[in-house]
Number of protein chains: 2
Amino acid sequence: MSGKCEQCIVRQFNSLKALTKEELIRISDCKTSRMVKKGEVLFDEGEHINGVYCIRSGVCKVSKMSDNGRDQIVHLIKKGDLIGERSLINNEASNLKAIAVNDMEVCFIPKEEILKDLESNTSFTMEVLKNMAMSLKNADNVIVDMAQKTVKQRLALTLLYLEERFINLEEGNIDIHLSREDIANIIGTATESAIRLLSEFKKKKLIELKGKQIAVVDKKGLREIAEGF
Amino acid sequence: MSGKCEQCIVRQFNSLKALTKEELIRISDCKTSRMVKKGEVLFDEGEHINGVYCIRSGVCKVSKMSDNGRDQIVHLIKKGDLIGERSLINNEASNLKAIAVNDMEVCFIPKEEILKDLESNTSFTMEVLKNMAMSLKNADNVIVDMAQKTVKQRLALTLLYLEERFINLEEGNIDIHLSREDIANIIGTATESAIRLLSEFKKKKLIELKGKQIAVVDKKGLREIAEGF
DNA sequence: CGATTGCTTGACCCCCATCAATCCTCGTGG
DNA sequence: CCACGAGGATTGATGGGGGTCAAGCAATCG
């Protein structure tokens with residue numbers, strides 16, 4: 001069922017592109033592939049992942065449960081992304097939960113193999129390091145936005161982000177089906193608040209709601225809102 | 001004025017501990033030391049740092065300006081910490097500003113030297129990687145807290161954090177002089193709100209305010225507040 | 001076609017941002 | 001040595017954002 005890593009296009013999008021052909025063949029031999037259906041849990045908080053997932057297709061939401069019982073979504077992972085490096089590197093159980101937003105195909109590479117390459121292939125390690133540095137910078141930005149911006153601003157930011165990462169070029173829609181609750185859990189607010197603001201944005205012709213799909217119409221308008229008029 | 005890295009205790013606290021004696025001597029020869037007075041800027045947003053700072057003494061607050069004109073403090077850096085790795089690794093200008101909270105003594109190690117060691121010393125690279133992974137996990141937690149917790153909860157968390165990292169064992173105080181505005185800028189709220197909550201905590205005997213110093217009295221009580229009663 | 005789940009809107013109220021006024025605490029210079 | 005000014009700390013008043021509860025509506029599914 002699973003193909004060969006050497007021929008897999010997906011790896012061009014992540015750190016694995018720094019591996020040599022030999023390393024890829026070795027990885028290919030020990031990896032396992034797996035389908036994850038929409039709504040299924042890829043891994044849960046507290047679980048030892050013991051490896052890295054490489055996403056071949058589909059999208060998953062990565063969240064953490066807060067004390068108040070609400071899930072906060074901290075990442076959206078899609079085709080070409082790696083996930084699980086952090087827990088692997090500091091050798092801890094995952095502090096995050098990953099749930100498929102639509103059907104996914106993922107490859108699992110066991111810990112030892114990745115560690116072997118991290119030890120021996122410097123340019124691979126540097127790639128991983130670069131990715132982490134980017135994620136870290138990104139996380140700092142999110143912290144600032146969460147701390148300083150209103151819910152309305154955060155929704156505008158989130159829509160722009162979703163448009164950028166998940167646009168369907170043919171239809172102009174945001175091409176993942178997130179529930180209103182999911183959206184609320186990205187921006188960190190109550191579902192009702194998110195809904196109300198969405199309909200406000202719609203009224204102002206900033207977005208369109210085609211059935212359940214969301215399409216960004218006025219990027220500039222959203223950007224202005226996100227930055228505070 | 002500056003000592004030798006090989007003999008510097010501070011490096012035990014950060015990734016530099018993974019360097020060999022020879023590497024340390026080389027670093028020692030090309031590093032520069034510098035005093036930064038309270039309130040002075042170590043580096044600013046948009047600045048190319050071109051190296052890494054190793055903090056020998058003192059504390060600095062690392063912040064990012066939000067669109068609304070308020071500084072959000074995202075890190076507090078103290079003795080033994082390294083800062084600047086991220087910008088170095090992805091070769092970008094800093095997106096953060098660092099200001100000394102009290103007088104500091106810092107060593108600056110130029111970019112090329114660090115990169116040289118990253119390329120050649122795997123265990124050093126892995127140390128850096130581990131640190132990043134930890135920071136990243138931490139950042140995710142902060143995002144969740146910012147998104148989901150009330151200002152009161154965030155203040156309780158912040159006080160516990162400050163107590164843990166900056167306690168003065170003799171006096172039981174939190175041993176850095178942060179202004180009320182600084183504290184507000186950590187939790188992401190207005191100065192007045194922070195002040196009001198501090199005096200509420202004092203009334204409930206959770207903390208004591210000795211002059212400008214803050215001392216945590218009832219950790220358990222604060223923890224309960226932080227988790228939502 | 002019930003029934004469960006998700007979406008939407010209304011009503012209510014509390015938290016918190018904002019503006020304003022006062023007090024406190026220094027450092028500085030007369 | 002004291003007076004004064006400036007910046008920080010504190011408290012009060014006020015209004016709006018957004019969380020929560022509740023009810024009605026649409027959609028999906030066995």
Side-chain angles (χ1 to χ4, degrees), chain A residues 37-39 61 66-73 99 101-102 144-158 174 176-203 207-214 225-226 228-229, chain B residues 37-39 61 66-72 99 101-102 145-158 174 176-203 207-214 225-226 228-229:
Chain A
K37 286 219 157 309
K38 172 176 171 173
K61 54 184 179 185
S66 175
D67 294 324
N68 68 9
R70 239 215 293 284
D71 250 346
Q72 175 68 31
I73 297 179
I99 295 186
V101 169
N102 47 32
V144 175
D145 290 338
M146 286 293 179
Q148 301 279 358
K149 300 208 180 244
T150 65
V151 170
K152 190 189 287 191
Q153 291 177 301
R154 270 140 57 190
L155 177 59
L157 282 175
T158 300
I174 290 170
I176 41 174
H177 177 51
L178 294 172
S179 68
R180 306 296 145 131
E181 192 184 359
D182 286 335
I183 294 177
N185 289 347
I186 295 175
I187 66 185
T189 188
T191 309
E192 298 95 322
S193 302
I195 290 177
R196 254 180 270 266
L197 288 169
L198 278 174
S199 74
E200 184 188 326
F201 284 1
K202 180 188 174 179
K203 216 168 278 171
I207 60 175
E208 269 174 30
L209 303 177
K210 316 176 185 173
K212 307 217 149 178
Q213 297 296 328
I214 300 176
I225 287 181
F229 323 121
Chain B
K37 285 217 159 310
K38 173 177 171 171
K61 53 184 180 187
S66 175
D67 295 324
N68 68 9
R70 241 215 290 284
D71 249 347
Q72 176 67 32
I99 296 185
V101 169
N102 47 33
D145 290 338
M146 285 294 179
Q148 301 279 357
K149 300 207 181 246
T150 65
V151 170
K152 189 189 288 190
Q153 290 177 300
R154 271 139 56 191
L155 176 59
L157 281 175
T158 300
I174 290 170
I176 41 174
H177 177 52
L178 294 172
S179 69
R180 306 295 146 134
E181 193 185 356
D182 286 334
I183 293 177
N185 289 347
I186 295 175
I187 66 185
T189 188
T191 310
E192 299 93 323
S193 303
I195 290 177
R196 254 179 268 267
L197 288 170
L198 278 175
S199 73
E200 184 187 327
F201 284 1
K202 181 187 173 180
K203 218 167 274 172
I207 60 174
E208 270 173 29
L209 303 176
K210 316 176 185 173
K212 306 214 153 180
Q213 297 296 329
I214 300 175
I225 287 181
F229 322 121

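The figures here come from the full heavy-atom set of this structure, side chains too, leaving out hydrogens, waters and symmetry mates. In what follows, chains carry the letters A, B, and so on, assigned in the order in which the sequence lines appear, proteins first and then strands, with residues in each chain numbered from 1.
Rounding to whole angstrom units, CG of residue B:L197 and P of C:dC16 are separated by 7 Å. Separating the CG atom of A:N185 from the P atom of D:dG19 is a distance of 12 Å, rounded to the nearest angstrom. Nucleotide C:dC24 holds its P atom 16 Å from the CG atom of B:L209, rounded to whole Å. Atom CG in A:L178 sits roughly 10 Å away from atom P in C:dC7 (whole-Å rounding). Protein atom NZ of A:K149 is 15 Å distant from nucleotide atom P of C:dA17, rounded to whole Å. As rounded to whole Å, 8 Å separates atom P of D:dA27 from atom NZ of A:K212. With rounding to whole Å, B:Q153 atom CD is found 12 Å from C:dC15 atom C1'. In this structure, CD1 of B:I195 is placed 11 Å from P of D:dG8, rounded to the nearest angstrom.
Not one side-chain nitrogen or oxygen of A:T191 sits closer than 4.0 Å to the OP1 or OP2 atom of C:dC7. Contact between the side-chain N/O atoms of A:T189 and the OP1/OP2 oxygens of D:dG19 is found at a separation under 4.0 Å. For the pair B:S199 and D:dT10, the criterion of a side-chain N or O lying under 4.0 Å from OP1 or OP2 is not met. In terms of phosphate contacts, A:R70 brings a side-chain nitrogen or oxygen within less than 4.0 Å of OP1 or OP2 of D:dT20.
You'll find a donor-acceptor pair under 3.5 Å spanning the side chain of A:E192 and the base of D:dC21, going by distance alone. The base of C:dT18 sits within donor-acceptor range of the side chain of B:R196, with an N or O pair under 3.5 Å.
Side-chain atoms of A:S179 lie closest to C:dC7 of the nucleotides D:dG19, C:dC7, D:dA9. Candidate nucleotides D:dT20, D:dA9, D:dG18 were compared by shortest atom distance to the side chain of B:R180, and D:dA9 ranks first.
Checked by atom type and distance alone, the side chain of A:K202 never pairs as donor or acceptor with a backbone atom of A:L209 at under 3.5 Å. Remark: side-chain polar atoms of B:Q213 are not paired, donor with acceptor, to backbone N or O of B:K210 under 3.5 angstrom. B:T158 places a side-chain N or O within 3.5 Å of a backbone atom of B:R154 that can act as its donor or acceptor partner.
The side-chain heavy atoms of B:K152 and B:I225, taken from C-beta on, include a pair separated by under 4.5 Å.
Of the candidates A:N185, A:I214, A:V101, A:V101 is the only one forming a side chain to side chain contact (heavy atoms under 4.5 Å, CB included) with A:L178.
Each of B:L198 and A:S193 has a nearest nucleotide on DNA chain D; the 5'-most of these lies closest to B:L198.
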